[in-house]
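This report concerns only the one structure given below.
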Amino acid sequence: MTEAMTRSHSEDGLCSGTVALIGRPNAGKSTLMNRMLQEKLAIVSDKPQTTRHRIVGILTETRGQIVFFDTPGIHKPMHRMNRDMVRKARQALRDADVVCLLVDASVPFGRGDAFLLDLLVDTPGPRIAILNKIDRISKEKLLPRMERYGEPGAFEEIIPVSAFTGDGVDRVLDSLFRLLPEGPPSYDPELLTLHPERFLVAERIREKVLELTSDEIPYTTAVRIDRWEESDEGPLLRIFASILVEKAGQKKILIGREGRMIREIGTQARLDLEKYLDRPIYLDLHVRREPRWRESSRILGELEDEARPRGG
């Protein structure tokens, strides 16, 4: 064990710091963060590249406070949007006090995993390797996966977990609180995140697009909140939002025959938002074509501004 691992905090001392969750697409970073927060903050799907921004989640308990950075999966970027996603993930490596490399243990080690290991070499702070999805792999196959990450000095600890079932997650939290520096909480203990509510609502709408569509559609869409109208007469909230696509054919698919697809997306999103916001929702969705929006600095900048944390 390293000095950082064996360091003990004073009896009444608190830990406080930032933890970056880094990994390839679909490694389960968002699922793990949600599990540790015990709240659904980041959207999840079975589609790679679901996370497009650095999502900030705040966990406060008796041991202290952890500010998580859930990052986009590191992949070979094909568009300006994807290059921005990878840049955000790499920046989180430099900003965090502790880095957690999340690995899909059910998938054989590949070139992408080797690239991530090389990327972590120059990371100054402590590192933990988290081998996720152990519910999908036998113990006989898991052991050599763990040995692959066991090079001396590479990681303070290697922890097998299932973010889906929660198996091993408490051990991850125990390790993080041991590794974080001492200090008071940086944010109000009641806060779960720093992102604007409108961004989180847009993300939940996009989650339904991911769940209900296939092929290239999930990767070529974004959601913008156009209007947000509070009612003077009751709790009803009116949300008007646009789903951006690049091509006319994509717009046709999202609308669906006789509008069935957009109605289904709207219905599922409205039900989810009513539960999330605990109030009745009127949701009006439109599909808007924005050719090559994934290369547009203007649109990407606007989306980034809408997601940006707002202090706390």
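- In this structure, Leu283 is not a member of the same hydrophobic cluster as Leu236, with clusters built from ILVMFWY side-chain heavy atoms closer than 4.5 Å.
- With sequence neighbours excluded, the residues forming a side chain to side chain contact (heavy atoms under 4.5 Å, CB included) with Glu211 are Glu207, Lys208, Gln268, listed by chain and number.
- Counting heavy atoms from C-beta outward, Leu131 and Val161 have side chains that stay 4.5 Å or more apart.
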Would Val201 and Leu277 count as a side-chain contact (heavy atoms from CB on, under 4.5 Å) if you check the C-alpha gap in whole Å, the side-chain angles of each, and the deciding distance to 0.1 Å? CA-CA 9 Å; Val201 165; Leu277 299 174; 4.2 Å; yes
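- Between Glu230 and Leu237 the shortest side-chain heavy-atom distance falls below 4.5 Å.
- Considering every non-hydrogen atom in both Cys15 and Phe177, the closest pair reads SG-O, 3.1 Å.
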Derivation of the side-chain contact (heavy atoms from CB on, under 4.5 Å) call for Val172 and Ile128: CA-CA 9 Å; Val172 173; Ile128 297 176; 5.5 Å; no
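- Here OG1 of Thr221 is found 8.5 Å from CD1 of Ile265. Values are rounded to the nearest 0.5 Å.
- In the displayed structure, Phe164 atom CZ is contacted under 6.0 Å by at most 12 heavy atoms of other residues, nucleotides or ligands.
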Show your reasoning for whether side-chain contact (heavy atoms from CB on, under 4.5 Å) applies to Thr193 and Leu200. CA-CA 10 Å; Thr193 189; Leu200 298 175; 3.9 Å; yes
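- Under a 4.5 Å side-chain heavy-atom criterion applied to ILVMFWY residues, the cluster that includes Val44 comprises that residue alone.
- Looking at Arg238 and Trp228, their side chains never come closer than 4.5 Å, going by heavy atoms from C-beta outward.
- Taking both residues in full, the closest heavy atoms of Leu176 and Cys100 are given as CD2-SG, 3.7 Å, listed atom of the first, atom of the second, then distance.
- In this structure, Arg35 has no salt bridge (charged side-chain N to carboxylate O under 4.0 Å, His left out) partners at least two apart in sequence or on a different chain.
- In this structure Arg260 satisfies the salt bridge (charged side-chain N to carboxylate O under 4.0 Å, His left out) test together with Glu258, sequence neighbours excluded.
- Remark: Glu295 pairs with His79, Arg80, Arg83, Arg292 by the side chain to side chain contact (heavy atoms under 4.5 Å, CB included) rule, at least two apart or across chains.
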Evaluate the criterion side-chain hydrogen bond (donor to acceptor under 3.5 Å, both in side chains) for residue pair Ser162 and Asp167; output intermediate values, then yes/no. CA-CA 5 Å; Ser162 169; Asp167 188 14; over 6 Å; no
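- Heavy atoms of other residues, nucleotides or ligands lying less than 6.0 angstrom from CG of Asp118 number more than 12.
- Partners of Asp174 according to the salt bridge (charged side-chain N to carboxylate O under 4.0 Å, His left out) rule, which considers only residues two or more places apart in sequence or in another chain, are Arg63.
- Side chains of Thr213 and Leu210 form no contact here, defined as non-hydrogen atoms less than 4.5 Å apart.
- Note that CG of Leu212 is 13.5 Å distant from CD1 of Ile253, once rounded to the nearest 0.5 Å.
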Stepwise side-chain contact (heavy atoms from CB on, under 4.5 Å) check, Leu192 with Leu37: CA-CA 8 Å; Leu192 176 67; Leu37 295 175; 4.0 Å; yes
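- Between Gly73 and His75, the shortest heavy-atom distance links the atoms O-ND1, 2.8 Å.
- To the nearest 0.5 Å, atom CZ of residue Phe199 and atom CZ of residue Arg224 are 12.5 Å apart.
- The CD1 atom of Ile239 sits 9.5 Å away from atom CG of Leu285, with the distance rounded to the nearest 0.5 Å.
- A donor-acceptor contact shorter than 3.5 Å is absent between the side chain of Asp215 and the backbone of Ile217.
- A salt bridge does not link Arg52 with Glu304: every distance from a Lys NZ or Arg NE/NH1/NH2 to an Asp or Glu carboxylate oxygen is 4.0 Å or more.
- Cluster partners of Ile299, using a side-chain heavy-atom cutoff of under 4.5 Å among ILVMFWY residues and allowing indirect links, are Met81, Met85, Leu244, Trp293, Leu300, Leu303.
- A side-chain donor-acceptor contact under 3.5 Å links Arg178 and Ser175.
- Classification of Arg308 and Glu306 as a salt-bridged pair fails, no side-chain N sitting under 4.0 Å from a carboxylate O.
- Heavy-atom minimum distance, Met36 versus Leu59: O-CD1, 3.7 Å.
- What you find for Asp284 and His286 is that their closest heavy atoms are OD1-NE2, 2.7 Å.
- In summary, the side chains of Thr220 and Glu246 do not present any donor paired with an acceptor at a separation below 3.5 Å, with no hydrogens or angles considered.
- Between Glu216 and Lys247, no side-chain nitrogen of the basic residue sits less than 4.0 Å from a carboxylate oxygen of the acidic one, so the salt-bridge criterion is not met.
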Distance-only check: which donor-acceptor pairs under 3.5 Å involve side-chain atoms of residues 142-149, not counting sequence neighbours?
unit_1: Arg145; atom_1: NE; unit_2: Ala105; atom_2: O; d: 3.0

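- Residues Ile134 and Pro160 approach most closely at CG2-CB, 3.8 Å, considering heavy atoms.
- Side-chain atoms of Asp226 and Ser242 form a donor-acceptor pair, as typed in the model, at a separation below 3.5 Å.
- Note on residues 236-274: pairs passing ring pair (Phe, Tyr, Trp, His ring centres under 6.0 Å), not counting sequence neighbours, are Phe240-Tyr282.
- Between the side chains of Thr60 and Gln65, at least one donor-acceptor pair of N or O atoms lies under 3.5 Å.
- The environment of Arg136 atom CZ is sparse: at most 12 non-hydrogen atoms of other residues, nucleotides or ligands sit within 6.0 angstrom.
- In this structure, Lys47 has no salt bridge (charged side-chain N to carboxylate O under 4.0 Å, His left out) partners at least two apart in sequence or on a different chain.
- Within the structure, salt bridge (Lys or Arg N to Asp or Glu O under 4.0 Å) contacts touching residues 91-104 (residues at least two apart or in different chains) are Arg54-Asp95, Asp104-Lys133.
- Interatomic distance, CG of Leu93 versus NZ of Lys88, reported as 15.0 Å (0.5 Å rounding).
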Donor-acceptor contacts, no H, no angles, side chain residues 19-34, under 3.5 Å, sequence neighbours left out:
unit_1: Arg24; atom_1: NH1; unit_2: Asp113; atom_2: OD2; d: 3.1
unit_1: Asn26; atom_1: ND2; unit_2: Asp46; atom_2: O; d: 3.4
unit_1: Lys29; atom_1: NZ; unit_2: Arg24; atom_2: O; d: 3.0
unit_1: Ser30; atom_1: OG; unit_2: Thr51; atom_2: OG1; d: 2.9
unit_1: Ser30; atom_1: OG; unit_2: Asp70; atom_2: OD2; d: 2.5
unit_1: Asn34; atom_1: OD1; unit_2: Leu41; atom_2: N; d: 3.0
unit_1: Asn34; atom_1: OD1; unit_2: Ala42; atom_2: N; d: 3.0
unit_1: Asn34; atom_1: ND2; unit_2: Ser30; atom_2: O; d: 3.4
unit_1: Asn34; atom_1: ND2; unit_2: Ala42; atom_2: O; d: 2.8

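- A donor-acceptor pair is defined here as one N or O able to donate and one able to accept, closer than 3.5 Å; such a pair exists between the side chain of Thr123 and the backbone of Leu120.
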